[in-house]
Amino acid sequence: LTLLVREKDEKRSKVINHNSKAIQAFVTFETEAGFVAAMTRYHLSWFRTHCCCYPERLKFKGTRLILEQAPEPSTIIWENLEYSSRGRFFRKCLTTSVALLAILFSVLLTFLSRDFKSKVLVNASMPCPAGFYDRDPAYQLELVKNDLGLSHCYCS
């Protein structure tokens with residue numbers, strides 16, 4: 001069992017080392033003053049953060065940093081951290097589209113069934129042939145097979 005765990009760990013570490021692009025990181029400050037200083041320094045306007053004028057001294061290895069206060073650890077869905085915000089947005093769009101298609105399909109099915117029901121009710125208002133119920137069931141079935149408009153007579 002220990003060997004199996006080691007093999008799995010080695011495989012996982014190879015995969016992690018192969019894809020070394022960080023999406024986000026959590027930083028813990030030793031003092032609240034350090035936290036406040038970092039949030040103050042990196043709290044730039046949207047225009048400065050995303051368009052231009054991002055201070056070079058605030059970049060990490062030439063990349064812009066966006067600082068946000070992390071949520072409580074108990075509210076983080078840790079499995080989702082490996083996906084970028086673009087990937088999560090794509091997945092949300094995909095699941096929303098599938099749900100909307102399912103809703104549209106069920107609405108269409110509802111309208112088709114109402115249309116079928118109204119057609120059946122129109123056929124049901126037609127009178128049954130004289131003496132239909134006095135005949136044996138085999139004869140009744142043969143009449144209905146020849147004229148499906150009489151199916152309401154056979155089913156009632």
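On a predicted model such as this, the values are computed, not experimentally measured, just so you know. Atoms considered below: every heavy atom in the structure, side chains included; atoms not considered: hydrogens, waters and symmetry mates.
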For residues 141-150, which side-chain donor-acceptor pairs fall under 3.5 Å, sequence neighbours excluded?
unit_1 : atom_1 : unit_2 : atom_2 : d
Asn146 : ND2    : Glu142 : O      : 3.3
Asp147 : OD1    : Gly149 : N      : 3.2

Side chain to side chain contact (heavy atoms under 4.5 Å, CB included) partners for Asp115, two or more places apart: Ser118, Lys119
Taking every non-hydrogen atom, the tightest pair across Phe29 and Ala38: CZ-CB, 3.6 Å
Atom pair NZ/CZ of Lys92 and Arg88 - distance to nearest 0.5 Å: 7.0 Å
Euclidean distance, Phe89 CZ relative to Leu94 CG, rounded to 0.5 Å: 11.5 Å
Ring-face cation contact, Tyr139 with Arg135, 6.0 Å cut, 45° max: yes
Residues, nucleotides or ligands: over 12 heavy atoms within 6.0 Å of Ile77 CD1: no
Separation between CD of Glu7 and OG1 of Thr2, rounded to the nearest 0.5 Å: 11.0 Å
Interatomic spacing from CG in Asp134 to CD in Gln140 - rounded to 0.5 Å: 9.0 Å
ILVMFWY cluster membership beyond Leu112 - transitive side-chain contacts under 4.5 angstrom: Leu108
Leu101 CG to Thr96 OG1 distance, which is reported to the nearest 0.5 Å: 11.0 Å
